[in-house]
Student: 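Just passing along the structure, written as C-alpha coordinates.
Below, chains carry the letters A, B, ... as their sequence lines are ordered, and counting in each starts from 1.
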Amino acid sequence: MVSPPKEAPAMAEKITPRGTDYSKWYQDVVKNAGLAENSDVHGCMVIKPHGYAIWEKMQQALDRMFKATGHVNAYFPLFIPKRFLEKEAEHVEGFAKECAVVTHSRLIAGPDGKGLIPDPAAKLGEELIIRPTSETIIWNTYRNWIQSWRDLPILINQWANVVRWEMRTRLFLRTAEFLWQEGHTAHANQAEAEEEAKKILEVYRTFAEDWMAMPVLTGPKSDGQKFPGAIYTLCIEAMMQDKKALQAGTSHFLGQNFAKAFDVTFQSREGKLEHAWATSWGVSTRLIGGLIMTHSDDQGLVLPPRLAPIHVAIVPIYRKEEEKTAVIEACHKLAAGIRGIAPDPWLHYEPISVKVDDREQYQPGYKFNEWEVKGVPIRVELGPKDLAQNACVLARRDVPGKEGKIMGVPLASAPERIAAILKEMQTGLMEKARSFRDANLKTVDSYDDFKAQIDSPGGFFLAHWDGTRETEDRIKNETAATIRCIPSHLPAEPGKCMVTGQPSKQRVVFALSY
RNA sequence: CGGGGUGUAGCUCAGCUUGGUAGAGCGCCAGCUUUGGGAGCUGGAAGUCGCAGGUUCGAAUCCUGUCGCCCCGACCA
(Lines give C-alpha, C1' and ligand atoms only; values in the text may rest on other atoms or scores of the structure.)
Protein backbone atom coordinates (compact mmCIF):
# COMPACT_ATOMS: atom_id res chain seq x y z
CA MET A 1 0.00 0.00 0.00
CA VAL A 2 1.48 3.26 -1.12
CA SER A 3 0.66 6.36 0.84
CA PRO A 4 -1.23 8.94 -1.20
CA PRO A 5 0.98 11.53 -2.86
CA LYS A 6 1.41 14.71 -0.92
CA GLU A 7 -0.73 17.49 -2.18
CA ALA A 8 1.08 19.99 -4.34
CA PRO A 9 1.98 23.06 -2.32
CA ALA A 10 -0.99 25.38 -2.42
CA MET A 11 1.14 28.35 -3.35
CA ALA A 12 3.15 26.71 -6.09
CA GLU A 13 1.44 27.63 -9.33
CA LYS A 14 0.35 31.20 -9.12
CA ILE A 15 1.00 32.02 -12.73
CA THR A 16 -0.98 30.36 -15.49
CA PRO A 17 1.47 29.10 -18.12
CA ARG A 18 1.50 31.01 -21.41
CA GLY A 19 0.57 27.89 -23.31
CA THR A 20 -2.56 27.33 -21.24
CA ASP A 21 -4.11 30.77 -21.49
CA TYR A 22 -1.99 33.67 -22.70
CA SER A 23 -4.36 36.34 -21.53
CA LYS A 24 -4.65 34.81 -18.07
CA TRP A 25 -0.87 34.53 -17.96
CA TYR A 26 -0.57 38.25 -18.68
CA GLN A 27 -2.98 39.15 -15.89
CA ASP A 28 -1.19 36.79 -13.49
CA VAL A 29 2.19 38.34 -14.25
CA VAL A 30 0.89 41.87 -13.77
CA LYS A 31 -0.73 40.90 -10.49
CA ASN A 32 2.02 38.71 -9.04
CA ALA A 33 4.80 41.09 -10.01
CA GLY A 34 2.92 43.85 -8.22
CA LEU A 35 2.76 46.10 -11.26
CA ALA A 36 -0.88 47.16 -11.19
CA GLU A 37 -4.37 46.18 -10.20
CA ASN A 38 -7.90 47.01 -11.20
CA SER A 39 -9.36 49.77 -9.11
CA ASP A 40 -12.94 50.16 -8.01
CA VAL A 41 -13.28 52.82 -10.68
CA HIS A 42 -14.58 51.39 -13.92
CA GLY A 43 -11.81 50.87 -16.44
CA CYS A 44 -9.16 52.55 -14.35
CA MET A 45 -6.12 50.85 -12.93
CA VAL A 46 -3.96 51.51 -9.93
CA ILE A 47 -0.34 51.48 -10.99
CA LYS A 48 1.53 50.03 -8.02
CA PRO A 49 5.04 51.09 -6.98
CA HIS A 50 6.90 48.44 -8.96
CA GLY A 51 4.91 49.20 -12.10
CA TYR A 52 5.26 52.92 -11.62
CA ALA A 53 9.01 52.57 -11.07
CA ILE A 54 9.26 50.98 -14.52
CA TRP A 55 7.25 53.86 -15.97
CA GLU A 56 9.64 56.30 -14.27
CA LYS A 57 12.61 54.55 -15.89
CA MET A 58 10.88 54.84 -19.24
CA GLN A 59 10.11 58.50 -18.64
CA GLN A 60 13.69 59.27 -17.70
CA ALA A 61 15.13 57.69 -20.81
CA LEU A 62 12.55 59.19 -23.15
CA ASP A 63 12.69 62.61 -21.54
CA ARG A 64 16.44 62.72 -22.04
CA MET A 65 15.99 61.79 -25.68
CA PHE A 66 13.34 64.48 -26.21
CA LYS A 67 15.55 67.10 -24.58
CA ALA A 68 18.51 65.96 -26.65
CA THR A 69 16.47 66.61 -29.79
CA GLY A 70 15.59 70.11 -28.70
CA HIS A 71 12.23 69.62 -27.02
CA VAL A 72 11.02 71.19 -23.80
CA ASN A 73 8.27 70.16 -21.41
CA ALA A 74 5.15 72.15 -20.59
CA TYR A 75 1.69 71.45 -19.23
CA PHE A 76 -1.74 72.15 -20.71
CA PRO A 77 -5.19 71.82 -19.11
CA LEU A 78 -6.90 68.52 -18.42
CA PHE A 79 -10.23 70.05 -19.45
CA ILE A 80 -11.03 70.94 -23.00
CA PRO A 81 -14.04 73.07 -23.95
CA LYS A 82 -16.33 71.06 -26.17
CA ARG A 83 -16.24 73.67 -28.93
CA PHE A 84 -12.46 73.14 -29.32
CA LEU A 85 -12.97 69.48 -30.01
CA GLU A 86 -15.60 70.30 -32.62
CA LYS A 87 -13.25 72.30 -34.79
CA GLU A 88 -11.39 69.64 -36.70
CA ALA A 89 -13.86 67.35 -38.48
CA GLU A 90 -11.89 64.09 -38.55
CA HIS A 91 -10.66 64.65 -35.04
CA VAL A 92 -14.20 65.00 -33.63
CA GLU A 93 -15.33 61.91 -35.44
CA GLY A 94 -12.44 59.90 -34.09
CA PHE A 95 -12.76 60.84 -30.45
CA ALA A 96 -16.40 61.81 -29.85
CA LYS A 97 -17.39 58.22 -29.02
CA GLU A 98 -15.08 57.93 -26.05
CA CYS A 99 -15.14 61.22 -24.22
CA ALA A 100 -15.78 61.86 -20.55
CA VAL A 101 -17.82 65.04 -20.17
CA VAL A 102 -17.87 67.40 -17.21
CA THR A 103 -21.25 69.09 -16.88
CA HIS A 104 -21.44 70.53 -13.35
CA SER A 105 -19.20 72.31 -10.92
CA ARG A 106 -20.87 71.49 -7.63
CA LEU A 107 -22.65 68.73 -5.72
CA ILE A 108 -25.55 69.13 -3.34
CA ALA A 109 -27.51 66.74 -1.12
CA GLY A 110 -30.03 64.60 -2.98
CA PRO A 111 -33.77 65.30 -2.75
CA ASP A 112 -34.37 62.65 -0.05
CA GLY A 113 -31.44 63.98 1.94
CA LYS A 114 -29.36 60.98 0.97
CA GLY A 115 -26.32 61.06 -1.26
CA LEU A 116 -25.16 63.80 -3.55
CA ILE A 117 -26.40 65.03 -6.90
CA PRO A 118 -24.99 67.62 -9.30
CA ASP A 119 -26.42 70.99 -8.40
CA PRO A 120 -28.74 72.02 -11.26
CA ALA A 121 -27.85 75.62 -10.45
CA ALA A 122 -24.17 74.83 -11.07
CA LYS A 123 -24.55 73.44 -14.56
CA LEU A 124 -21.61 74.59 -16.66
CA GLY A 125 -22.38 77.10 -19.37
CA GLU A 126 -19.96 75.23 -21.56
CA GLU A 127 -19.37 71.54 -21.08
CA LEU A 128 -15.79 70.41 -20.62
CA ILE A 129 -14.23 67.29 -22.08
CA ILE A 130 -11.53 65.48 -20.20
CA ARG A 131 -8.70 65.40 -22.74
CA PRO A 132 -8.51 62.25 -24.84
CA THR A 133 -5.48 63.98 -26.45
CA SER A 134 -4.47 67.62 -26.46
CA GLU A 135 -4.14 68.84 -30.05
CA THR A 136 -7.15 71.14 -29.76
CA ILE A 137 -6.27 72.90 -26.52
CA ILE A 138 -2.66 73.19 -27.59
CA TRP A 139 -3.35 74.60 -31.04
CA ASN A 140 -5.84 76.99 -29.54
CA THR A 141 -2.97 78.17 -27.35
CA TYR A 142 -0.38 78.20 -30.12
CA ARG A 143 -2.56 80.68 -31.97
CA ASN A 144 -1.45 83.27 -29.44
CA TRP A 145 2.16 82.19 -29.45
CA ILE A 146 2.76 82.19 -33.15
CA GLN A 147 2.93 85.38 -35.19
CA SER A 148 6.18 85.29 -37.04
CA TRP A 149 8.38 82.67 -38.66
CA ARG A 150 10.79 83.65 -35.89
CA ASP A 151 8.44 82.06 -33.33
CA LEU A 152 8.91 78.69 -35.01
CA PRO A 153 9.54 75.92 -34.47
CA ILE A 154 7.77 75.25 -31.20
CA LEU A 155 8.93 71.91 -29.86
CA ILE A 156 6.88 71.02 -26.80
CA ASN A 157 6.23 67.80 -24.96
CA GLN A 158 3.91 67.17 -22.06
CA TRP A 159 3.74 64.28 -19.61
CA ALA A 160 0.10 63.80 -18.72
CA ASN A 161 -2.87 61.57 -18.19
CA VAL A 162 -5.65 61.23 -20.74
CA VAL A 163 -9.07 59.61 -20.71
CA ARG A 164 -10.63 57.56 -23.47
CA TRP A 165 -13.81 55.90 -22.32
CA GLU A 166 -13.15 52.33 -23.36
CA MET A 167 -15.75 49.59 -23.04
CA ARG A 168 -13.37 46.75 -22.57
CA THR A 169 -10.12 47.31 -20.70
CA ARG A 170 -6.93 45.38 -19.91
CA LEU A 171 -4.28 46.47 -17.45
CA PHE A 172 -1.73 48.72 -19.19
CA LEU A 173 -2.85 47.73 -22.69
CA ARG A 174 -6.16 49.54 -22.65
CA THR A 175 -7.58 51.47 -19.73
CA ALA A 176 -10.00 54.37 -19.57
CA GLU A 177 -7.34 56.60 -18.07
CA PHE A 178 -3.69 56.20 -18.94
CA LEU A 179 -0.41 58.05 -18.61
CA TRP A 180 1.58 59.14 -21.61
CA GLN A 181 3.68 61.82 -23.15
CA GLU A 182 2.39 63.83 -26.06
CA GLY A 183 4.63 65.97 -28.17
CA HIS A 184 3.12 68.87 -30.11
CA THR A 185 5.28 70.77 -32.51
CA ALA A 186 4.68 73.69 -34.85
CA HIS A 187 6.81 74.42 -37.88
CA ALA A 188 7.20 77.01 -40.60
CA ASN A 189 7.09 74.56 -43.46
CA GLN A 190 5.99 71.13 -44.47
CA ALA A 191 9.43 69.62 -44.92
CA GLU A 192 10.51 70.55 -41.43
CA ALA A 193 7.35 69.14 -39.87
CA GLU A 194 7.68 65.90 -41.77
CA GLU A 195 11.31 65.72 -40.71
CA GLU A 196 10.19 66.14 -37.10
CA ALA A 197 7.66 63.31 -37.33
CA LYS A 198 10.37 61.04 -38.74
CA LYS A 199 12.90 62.13 -36.15
CA ILE A 200 10.56 61.23 -33.31
CA LEU A 201 9.74 57.89 -34.87
CA GLU A 202 13.46 57.21 -34.78
CA VAL A 203 13.58 58.23 -31.12
CA TYR A 204 10.78 55.77 -30.42
CA ARG A 205 12.48 53.02 -32.39
CA THR A 206 15.73 53.60 -30.51
CA PHE A 207 13.97 53.61 -27.18
CA ALA A 208 12.02 50.44 -27.95
CA GLU A 209 15.05 48.55 -29.16
CA ASP A 210 17.89 49.89 -27.00
CA TRP A 211 15.98 50.29 -23.75
CA MET A 212 13.04 47.95 -23.89
CA ALA A 213 14.91 45.34 -25.96
CA MET A 214 11.74 45.18 -28.01
CA PRO A 215 12.29 45.03 -31.76
CA VAL A 216 9.85 47.09 -33.78
CA LEU A 217 8.80 47.54 -37.36
CA THR A 218 8.46 51.14 -38.43
CA GLY A 219 6.50 52.84 -41.13
CA PRO A 220 3.29 54.67 -41.94
CA LYS A 221 -0.15 53.40 -41.01
CA SER A 222 -2.69 52.83 -43.73
CA ASP A 223 -5.22 55.66 -44.07
CA GLY A 224 -7.74 53.45 -42.32
CA GLN A 225 -5.52 53.20 -39.24
CA LYS A 226 -4.15 56.74 -39.00
CA PHE A 227 -4.80 59.23 -36.23
CA PRO A 228 -8.02 61.25 -36.60
CA GLY A 229 -6.91 64.60 -37.96
CA ALA A 230 -3.52 63.52 -39.30
CA ILE A 231 -2.29 63.58 -42.88
CA TYR A 232 -0.40 60.42 -42.05
CA THR A 233 0.67 58.46 -38.99
CA LEU A 234 4.03 56.78 -38.52
CA CYS A 235 4.24 53.97 -36.00
CA ILE A 236 6.42 51.49 -34.23
CA GLU A 237 4.83 48.08 -34.15
CA ALA A 238 6.04 45.18 -31.98
CA MET A 239 5.27 41.49 -31.95
CA MET A 240 4.19 39.98 -28.65
CA GLN A 241 4.94 36.38 -27.66
CA ASP A 242 1.50 35.26 -28.82
CA LYS A 243 2.46 36.71 -32.23
CA LYS A 244 -0.09 39.48 -32.01
CA ALA A 245 0.93 43.03 -32.86
CA LEU A 246 1.12 45.88 -30.43
CA GLN A 247 1.09 49.46 -31.61
CA ALA A 248 3.75 50.83 -29.30
CA GLY A 249 4.09 54.43 -30.41
CA THR A 250 2.81 56.84 -33.03
CA SER A 251 4.14 60.00 -34.63
CA HIS A 252 1.75 62.05 -36.72
CA PHE A 253 2.27 64.55 -39.49
CA LEU A 254 -0.75 66.79 -39.08
CA GLY A 255 -0.16 69.07 -42.02
CA GLN A 256 -1.96 72.38 -41.59
CA ASN A 257 -5.19 70.76 -40.37
CA PHE A 258 -5.04 72.06 -36.83
CA ALA A 259 -3.51 75.39 -37.80
CA LYS A 260 -6.46 75.94 -40.13
CA ALA A 261 -9.02 74.74 -37.59
CA PHE A 262 -7.59 77.06 -34.93
CA ASP A 263 -6.51 79.84 -37.25
CA VAL A 264 -2.83 79.67 -36.41
CA THR A 265 -0.96 81.80 -38.92
CA PHE A 266 2.43 83.44 -39.07
CA GLN A 267 4.14 85.88 -41.33
CA SER A 268 6.87 84.22 -43.32
CA ARG A 269 10.30 85.62 -44.11
CA GLU A 270 8.80 86.71 -47.40
CA GLY A 271 6.05 88.57 -45.58
CA LYS A 272 3.24 86.18 -46.54
CA LEU A 273 0.65 84.99 -44.03
CA GLU A 274 0.83 81.20 -43.77
CA HIS A 275 -0.68 78.46 -41.66
CA ALA A 276 1.76 76.61 -39.40
CA TRP A 277 2.64 72.96 -39.93
CA ALA A 278 2.15 70.49 -37.12
CA THR A 279 3.19 67.16 -35.68
CA SER A 280 2.11 65.25 -32.62
CA TRP A 281 3.48 62.06 -31.17
CA GLY A 282 3.03 59.85 -28.14
CA VAL A 283 3.84 56.74 -26.22
CA SER A 284 1.93 55.58 -23.17
CA THR A 285 1.93 53.23 -20.21
CA ARG A 286 0.86 50.69 -22.80
CA LEU A 287 4.61 50.24 -23.33
CA ILE A 288 4.69 48.45 -19.98
CA GLY A 289 2.24 45.90 -21.40
CA GLY A 290 4.52 45.51 -24.39
CA LEU A 291 7.54 45.06 -22.18
CA ILE A 292 5.77 42.32 -20.24
CA MET A 293 4.56 40.48 -23.32
CA THR A 294 7.93 40.67 -25.06
CA HIS A 295 10.18 39.11 -22.43
CA SER A 296 8.35 37.56 -19.52
CA ASP A 297 8.05 33.83 -18.97
CA ASP A 298 5.96 31.35 -17.00
CA GLN A 299 7.87 32.26 -13.83
CA GLY A 300 6.83 35.90 -14.07
CA LEU A 301 8.21 39.21 -15.19
CA VAL A 302 11.50 39.49 -17.05
CA LEU A 303 12.93 43.00 -17.29
CA PRO A 304 15.66 44.28 -19.55
CA PRO A 305 18.36 45.70 -17.21
CA ARG A 306 18.18 49.22 -18.59
CA LEU A 307 14.57 49.54 -17.42
CA ALA A 308 14.77 47.48 -14.24
CA PRO A 309 14.12 49.60 -11.13
CA ILE A 310 16.27 47.15 -9.16
CA HIS A 311 19.12 45.41 -10.97
CA VAL A 312 20.38 43.15 -8.23
CA ALA A 313 18.64 41.61 -5.22
CA ILE A 314 20.92 40.11 -2.62
CA VAL A 315 19.35 37.38 -0.49
CA PRO A 316 21.20 36.52 2.71
CA ILE A 317 20.99 32.96 3.99
CA TYR A 318 21.72 31.99 7.58
CA ARG A 319 20.60 29.85 10.51
CA LYS A 320 22.36 31.00 13.63
CA GLU A 321 22.84 34.52 14.96
CA GLU A 322 26.61 34.48 14.37
CA GLU A 323 26.01 33.43 10.78
CA LYS A 324 23.44 36.15 10.36
CA THR A 325 25.76 38.91 11.48
CA ALA A 326 28.57 37.82 9.23
CA VAL A 327 26.35 37.13 6.23
CA ILE A 328 24.42 40.40 6.42
CA GLU A 329 27.65 42.31 6.73
CA ALA A 330 29.05 40.54 3.68
CA CYS A 331 25.84 41.33 1.76
CA HIS A 332 26.08 45.04 2.46
CA LYS A 333 29.76 45.04 1.59
CA LEU A 334 28.98 43.36 -1.72
CA ALA A 335 26.14 45.83 -2.34
CA ALA A 336 28.54 48.72 -1.78
CA GLY A 337 30.98 47.11 -4.17
CA ILE A 338 28.29 46.80 -6.86
CA ARG A 339 27.14 50.38 -6.38
CA GLY A 340 30.78 51.44 -6.62
CA ILE A 341 31.25 50.13 -10.15
CA ALA A 342 32.46 52.94 -12.41
CA PRO A 343 29.48 54.89 -13.79
CA ASP A 344 28.58 53.81 -17.27
CA PRO A 345 26.88 55.92 -19.94
CA TRP A 346 24.90 52.78 -20.66
CA LEU A 347 22.98 53.45 -17.43
CA HIS A 348 23.16 57.23 -17.79
CA TYR A 349 26.05 57.23 -15.32
CA GLU A 350 23.76 56.06 -12.57
CA PRO A 351 24.91 53.39 -10.13
CA ILE A 352 23.70 49.83 -10.49
CA SER A 353 20.66 49.54 -8.26
CA VAL A 354 21.06 46.97 -5.49
CA LYS A 355 18.68 45.77 -2.80
CA VAL A 356 19.81 43.73 0.18
CA ASP A 357 16.74 41.72 1.14
CA ASP A 358 17.24 41.49 4.88
CA ARG A 359 13.55 40.98 5.71
CA GLU A 360 13.31 38.48 8.54
CA GLN A 361 9.75 37.36 8.07
CA TYR A 362 10.46 35.50 4.84
CA GLN A 363 12.67 32.53 4.16
CA PRO A 364 15.24 32.52 1.36
CA GLY A 365 13.12 30.31 -0.89
CA TYR A 366 10.24 32.75 -0.68
CA LYS A 367 12.54 35.64 -1.53
CA PHE A 368 14.02 33.80 -4.53
CA ASN A 369 10.57 33.40 -5.96
CA GLU A 370 9.50 36.91 -5.19
CA TRP A 371 12.47 38.54 -6.92
CA GLU A 372 12.02 36.18 -9.80
CA VAL A 373 8.36 37.01 -10.31
CA LYS A 374 9.22 40.71 -10.09
CA GLY A 375 11.74 40.38 -12.87
CA VAL A 376 14.89 41.51 -11.07
CA PRO A 377 17.69 40.73 -13.57
CA ILE A 378 20.21 39.28 -11.13
CA ARG A 379 19.72 37.66 -7.75
CA VAL A 380 22.66 37.06 -5.46
CA GLU A 381 22.49 34.27 -2.89
CA LEU A 382 24.95 34.62 -0.06
CA GLY A 383 25.14 32.18 2.87
CA PRO A 384 27.64 30.62 5.26
CA LYS A 385 28.84 28.11 2.68
CA ASP A 386 29.62 30.90 0.23
CA LEU A 387 31.18 33.08 2.87
CA ALA A 388 33.51 30.27 3.85
CA GLN A 389 35.08 30.51 0.41
CA ASN A 390 34.60 34.28 -0.07
CA ALA A 391 32.15 33.69 -2.85
CA CYS A 392 28.46 34.04 -3.74
CA VAL A 393 25.91 32.56 -6.11
CA LEU A 394 24.50 34.60 -8.99
CA ALA A 395 21.16 33.74 -10.57
CA ARG A 396 20.28 35.20 -13.96
CA ARG A 397 16.64 35.98 -14.54
CA ASP A 398 16.95 35.47 -18.30
CA VAL A 399 18.01 31.85 -17.81
CA PRO A 400 15.24 30.09 -15.87
CA GLY A 401 15.82 27.53 -13.13
CA LYS A 402 19.05 26.02 -11.89
CA GLU A 403 20.77 26.61 -15.22
CA GLY A 404 20.72 30.31 -14.57
CA LYS A 405 22.74 29.92 -11.39
CA ILE A 406 26.42 30.65 -11.39
CA MET A 407 28.03 29.06 -8.33
CA GLY A 408 31.16 30.12 -6.52
CA VAL A 409 31.60 33.62 -7.91
CA PRO A 410 34.38 35.28 -5.85
CA LEU A 411 33.05 38.23 -3.86
CA ALA A 412 35.97 40.36 -5.01
CA SER A 413 35.11 40.02 -8.68
CA ALA A 414 31.32 39.71 -8.35
CA PRO A 415 30.57 43.42 -9.00
CA GLU A 416 32.41 43.42 -12.32
CA ARG A 417 30.85 40.12 -13.24
CA ILE A 418 27.38 41.48 -12.45
CA ALA A 419 27.95 44.62 -14.51
CA ALA A 420 29.01 42.45 -17.43
CA ILE A 421 26.03 40.12 -17.11
CA LEU A 422 23.61 43.05 -17.07
CA LYS A 423 24.89 44.24 -20.43
CA GLU A 424 24.86 40.73 -21.78
CA MET A 425 21.25 40.29 -20.69
CA GLN A 426 20.15 43.49 -22.37
CA THR A 427 21.52 42.42 -25.73
CA GLY A 428 20.53 38.80 -25.17
CA LEU A 429 16.90 39.73 -24.58
CA MET A 430 16.89 41.90 -27.68
CA GLU A 431 18.38 39.15 -29.83
CA LYS A 432 15.95 36.59 -28.52
CA ALA A 433 12.98 38.87 -29.17
CA ARG A 434 14.27 39.76 -32.61
CA SER A 435 14.78 36.20 -33.71
CA PHE A 436 11.30 35.32 -32.45
CA ARG A 437 9.84 38.23 -34.39
CA ASP A 438 11.80 37.40 -37.53
CA ALA A 439 10.86 33.73 -37.34
CA ASN A 440 7.21 34.75 -37.31
CA LEU A 441 7.43 37.40 -40.02
CA LYS A 442 6.21 35.69 -43.16
CA THR A 443 5.55 36.54 -46.74
CA VAL A 444 2.26 35.41 -48.30
CA ASP A 445 0.95 35.88 -51.79
CA SER A 446 -2.48 34.28 -51.73
CA TYR A 447 -5.43 35.26 -49.60
CA ASP A 448 -6.16 31.57 -48.98
CA ASP A 449 -2.67 31.06 -47.54
CA PHE A 450 -3.15 34.13 -45.44
CA LYS A 451 -6.50 33.00 -44.06
CA ALA A 452 -5.09 29.55 -43.32
CA GLN A 453 -2.27 30.97 -41.21
CA ILE A 454 -3.49 34.17 -39.59
CA ASP A 455 -5.03 32.54 -36.50
CA SER A 456 -2.62 29.68 -36.26
CA PRO A 457 0.34 29.63 -36.38
CA GLY A 458 -0.16 33.41 -36.54
CA GLY A 459 2.50 36.06 -36.93
CA PHE A 460 3.15 39.13 -39.05
CA PHE A 461 2.29 38.66 -42.71
CA LEU A 462 3.88 40.64 -45.50
CA ALA A 463 1.36 40.77 -48.30
CA HIS A 464 0.41 42.88 -51.26
CA TRP A 465 -2.59 45.13 -50.86
CA ASP A 466 -4.29 47.30 -53.44
CA GLY A 467 -4.25 50.35 -51.20
CA THR A 468 -8.04 50.70 -50.86
CA ARG A 469 -10.05 51.06 -47.70
CA GLU A 470 -12.56 48.53 -49.06
CA THR A 471 -10.03 45.74 -49.27
CA GLU A 472 -8.57 46.61 -45.88
CA ASP A 473 -12.06 46.49 -44.34
CA ARG A 474 -12.90 43.27 -46.07
CA ILE A 475 -9.79 41.58 -44.71
CA LYS A 476 -10.58 42.89 -41.25
CA ASN A 477 -14.15 41.63 -41.39
CA GLU A 478 -13.17 38.23 -42.69
CA THR A 479 -10.07 37.56 -40.60
CA ALA A 480 -9.94 40.20 -37.82
CA ALA A 481 -6.45 41.08 -39.09
CA THR A 482 -5.50 44.70 -39.76
CA ILE A 483 -2.72 46.48 -41.54
CA ARG A 484 -0.21 47.24 -38.81
CA CYS A 485 2.14 49.29 -40.91
CA ILE A 486 3.61 49.85 -44.32
CA PRO A 487 7.14 48.81 -43.45
CA SER A 488 9.82 51.29 -44.32
CA HIS A 489 12.68 48.81 -44.05
CA LEU A 490 11.59 46.93 -47.13
CA PRO A 491 12.40 47.97 -50.69
CA ALA A 492 9.21 48.83 -52.54
CA GLU A 493 8.55 45.69 -54.53
CA PRO A 494 5.49 45.99 -56.76
CA GLY A 495 3.03 43.12 -57.03
CA LYS A 496 -0.63 42.22 -57.03
CA CYS A 497 -3.06 42.55 -54.14
CA MET A 498 -3.59 39.16 -52.50
CA VAL A 499 -7.34 39.77 -52.37
CA THR A 500 -8.30 41.68 -55.50
CA GLY A 501 -5.33 41.10 -57.77
CA GLN A 502 -5.12 44.85 -58.38
CA PRO A 503 -1.65 46.41 -58.60
CA SER A 504 0.21 47.00 -55.33
CA LYS A 505 3.20 49.24 -54.86
CA GLN A 506 4.66 47.31 -51.95
CA ARG A 507 3.99 44.72 -49.29
CA VAL A 508 2.32 45.76 -46.06
CA VAL A 509 2.23 44.03 -42.66
CA PHE A 510 -0.98 42.32 -41.61
CA ALA A 511 -1.51 40.86 -38.14
CA LEU A 512 -3.98 40.33 -35.36
CA SER A 513 -3.44 43.03 -32.81
CA TYR A 514 -4.04 44.33 -29.32
C1' C B 1 -26.38 49.14 -25.51
C1' G B 2 -27.65 43.37 -26.45
C1' G B 3 -26.56 38.12 -24.25
C1' G B 4 -24.68 35.35 -19.87
C1' G B 5 -22.92 35.24 -14.81
C1' U B 6 -22.08 36.94 -9.89
C1' G B 7 -22.34 39.83 -5.07
C1' U B 8 -20.99 36.05 2.13
C1' A B 9 -13.90 37.97 6.34
C1' G B 10 -8.37 41.67 3.13
C1' C B 11 -8.43 37.63 -1.16
C1' U B 12 -10.65 32.95 -3.40
C1' C B 13 -14.97 30.69 -2.33
C1' A B 14 -18.55 26.99 0.44
C1' G B 15 -23.37 27.44 2.85
C1' C B 16 -29.01 28.85 -0.17
C1' U B 17 -32.49 23.49 -3.27
C1' U B 18 -35.11 21.65 2.22
C1' G B 19 -35.35 29.07 6.69
C1' G B 20 -33.30 27.89 13.05
C1' U B 21 -27.25 32.04 16.65
C1' A B 22 -21.72 32.71 10.11
C1' G B 23 -17.95 28.62 7.59
C1' A B 24 -13.12 26.96 5.00
C1' G B 25 -8.43 27.88 2.59
C1' C B 26 -4.99 31.76 1.82
C1' G B 27 -3.56 36.28 4.05
C1' C B 28 -3.18 38.98 8.87
C1' C B 29 -1.71 39.16 14.54
C1' A B 30 1.02 36.56 18.85
C1' G B 31 4.38 32.78 20.50
C1' C B 32 7.72 28.74 19.76
C1' U B 33 10.43 25.89 16.26
C1' U B 34 12.49 26.86 11.39
C1' U B 35 15.60 29.37 7.31
C1' G B 36 20.48 27.03 0.38
C1' G B 37 13.63 27.22 -4.14
C1' G B 38 7.07 29.97 -1.98
C1' A B 39 8.26 26.66 6.34
C1' G B 40 5.63 23.96 10.62
C1' C B 41 2.79 23.84 15.03
C1' U B 42 -0.37 26.26 18.66
C1' G B 43 -3.43 30.21 19.77
C1' G B 44 -6.03 34.64 18.00
C1' A B 45 -8.41 39.00 15.44
C1' A B 46 -11.54 39.70 11.53
C1' G B 47 -18.06 39.65 7.99
C1' U B 48 -24.86 44.97 9.78
C1' C B 49 -24.10 37.85 4.11
C1' G B 50 -24.35 44.43 -2.07
C1' C B 51 -28.69 47.71 -0.80
C1' A B 52 -34.11 48.50 0.09
C1' G B 53 -38.71 46.46 0.89
C1' G B 54 -41.82 42.02 1.75
C1' U B 55 -43.25 36.82 3.70
C1' U B 56 -42.22 34.41 8.57
C1' C B 57 -42.06 33.41 15.58
C1' G B 58 -37.31 33.44 12.93
C1' A B 59 -34.15 35.17 6.39
C1' A B 60 -27.31 34.70 3.88
C1' U B 61 -31.25 31.09 2.49
C1' C B 62 -37.97 32.35 0.04
C1' C B 63 -40.46 36.77 -2.86
C1' U B 64 -40.15 41.86 -5.18
C1' G B 65 -37.33 45.88 -6.49
C1' U B 66 -32.66 48.20 -6.99
C1' C B 67 -27.36 48.93 -7.45
C1' G B 68 -22.42 47.27 -8.38
C1' C B 69 -19.00 44.09 -10.59
C1' C B 70 -17.23 40.22 -14.10
C1' C B 71 -17.37 37.61 -18.88
C1' C B 72 -18.95 37.55 -24.26
C1' G B 73 -20.34 40.88 -28.72
C1' A B 74 -19.96 46.52 -31.79
C1' C B 75 -15.07 50.76 -30.80
C1' C B 76 -9.83 51.70 -29.63
C1' A B 77 -3.12 53.73 -27.91
Student: Which part of the nucleic acid, if any, lies within reach of A:Lys221 when heavy atoms closer than 4.0 Å are counted: base, sugar-phosphate only, or nothing?
Tutor: nothing

Student: Taking only nitrogen or oxygen atoms into account, show me every contact under 3.5 Å that the protein makes with nucleotides 69-73 of chain B, one pair per line with its distance.
Tutor:
unit_1	atom_1	unit_2	atom_2	d
B:rC72	OP1	A:Arg168	NH2	3.2
B:rC72	OP2	A:Arg168	NH1	2.9
B:rC72	OP2	A:Arg168	NH2	3.3

Student: Taking atom types as they are modelled, is there a donor-acceptor pair under 3.5 Å from the base of B:rG36 to the side chain of A:Lys367?
Tutor: no

Student: Looking for any heavy atom pair under 4.0 Å, which part of the strands does A:Ser513 touch: base, sugar-phosphate only, or nothing?
Tutor: nothing

Student: Measure centre to centre between the rings of A:Tyr142 and A:His184, then say whether the value is under 6.0 Å.
Tutor: no

Student: When only distance counts, do a donor and an acceptor, one from the side chain of A:Arg379 and one from the base of B:rG37, lie under 3.5 Å apart?
Tutor: yes

Student: Does a side-chain heavy-atom distance below 4.5 Å link A:Leu291 with A:Leu303?
Tutor: yes

Student: Closest approach to the side chain of A:Lys97, judged atom by atom: which nucleotide of B:rC75, B:rG37, B:rG36 is it?
Tutor: B:rC75

Student: When both hydrogen-bonding distances must be under 3.5 Å and the geometry is Watson-Crick or G-U wobble, what is B:rG68 paired with, if anything?
Tutor: B:rU6

Student: If you look at every strand shown and take non-hydrogen atoms under 4.0 Å, does A:Leu246 touch a base, only sugar-phosphate, or nothing?
Tutor: nothing

Student: Taking the side chain of A:Pro384 as its heavy atoms from C-beta onward, which of B:rG36, B:rG37, B:rC75 lies nearest to it?
Tutor: B:rG36

Student: Run the ring-centre check on A:His91 versus A:Trp139 and record whether the distance is less than 6.0 Å.
Tutor: no

Student: What is the pairing partner of B:rC75, taking Watson-Crick or G-U wobble pairs with both distances under 3.5 Å in any strand?
Tutor: none

Student: So which nucleotide does B:rG43 pair with, by the Watson-Crick or G-U wobble rule with both distances under 3.5 Å?
Tutor: B:rC29

Student: Within the structure shown, what part of the strands sits under 4.0 Å from A:Glu381 by heavy-atom distance: base, sugar-phosphate, or nothing?
Tutor: base

Student: Would you please indicate yes or no on a ring centroid separation below 6.0 angstrom for A:Trp165 and A:Phe95?
Tutor: no

Student: Classify A:Phe178 by what it touches in the nucleic acid, base, sugar-phosphate, or nothing, heavy-atom distance under 4.0 Å.
Tutor: base

Student: Please tabulate, one pair per line, all N/O donor-acceptor pairs under 3.5 Å involving side-chain atoms of residues 382-392 of chain A, not counting sequence neighbours.
Tutor:
unit_1	atom_1	unit_2	atom_2	d
A:Asp386	OD2	A:Gly383	N	2.8

